[in-house]
Amino acid sequence: MFESKIIEVDGVFVGAAIITGIASSLRFYATHDSVRSLHNAILPDLVALKQRVTATFRHMGHKAVTFREV
């Protein structure tokens, strides 16, 4: 089983960061329409993923992002 981190924005589940087979990179699995454009994006680390999801979500008119381990 892959390790993943749940991504919630203002209490809304928007997707998950999934560790890929590529050393320390993360694939984003989008579940919310506001960040659907990022679905399957591969980013180098959780910080980069958080920044990208935050920027996209805020562009859609939303605020903060939090992460929770699964």
Mind checking the [atom1]-[atom2] spacing from [X] to [Y]? Nearest 0.5 Å is all I need.
X	Y	atom1	atom2	result
Ile18	Phe28	CD1	CZ	9.5 Å
Arg27	Ile42	CZ	CD1	7.5 Å
Gln51	Asp45	CD	CG	8.0 Å
Ile7	Thr31	CD1	OG1	9.0 Å

### Message
If the condition is salt bridge (charged side-chain N to carboxylate O under 4.0 Å, His left out), which residues does Arg36 pass it with, not counting sequence neighbours?
### Response
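With sequence neighbours excluded, Arg36 shows a salt bridge (charged side-chain N to carboxylate O under 4.0 Å, His left out) to Asp33, given in chain and number order.
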### Message
Determine whether the aromatic ring centres of residues Phe13 and His32 are separated by less than 6.0 angstrom.
### Response
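Here the rings of Phe13 and His32 have centres that are no less than 6.0 Å from each other.
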### Close side-chain approach of Thr56 and Ser37, heavy atoms under 4.5 Å
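Yes, at least one pair of side-chain atoms sits under 4.5 Å.
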### Query
Do you know the tightest heavy-atom contact between Leu46 and Leu26?
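Heavy atoms only, the tightest pair is N-CD1, 3.4 Å.
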#### Entry: Donor-acceptor pair, side chain of His39 and main chain of Tyr29, under 3.5 angstrom
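Looks like no, no N/O pair under 3.5 Å.
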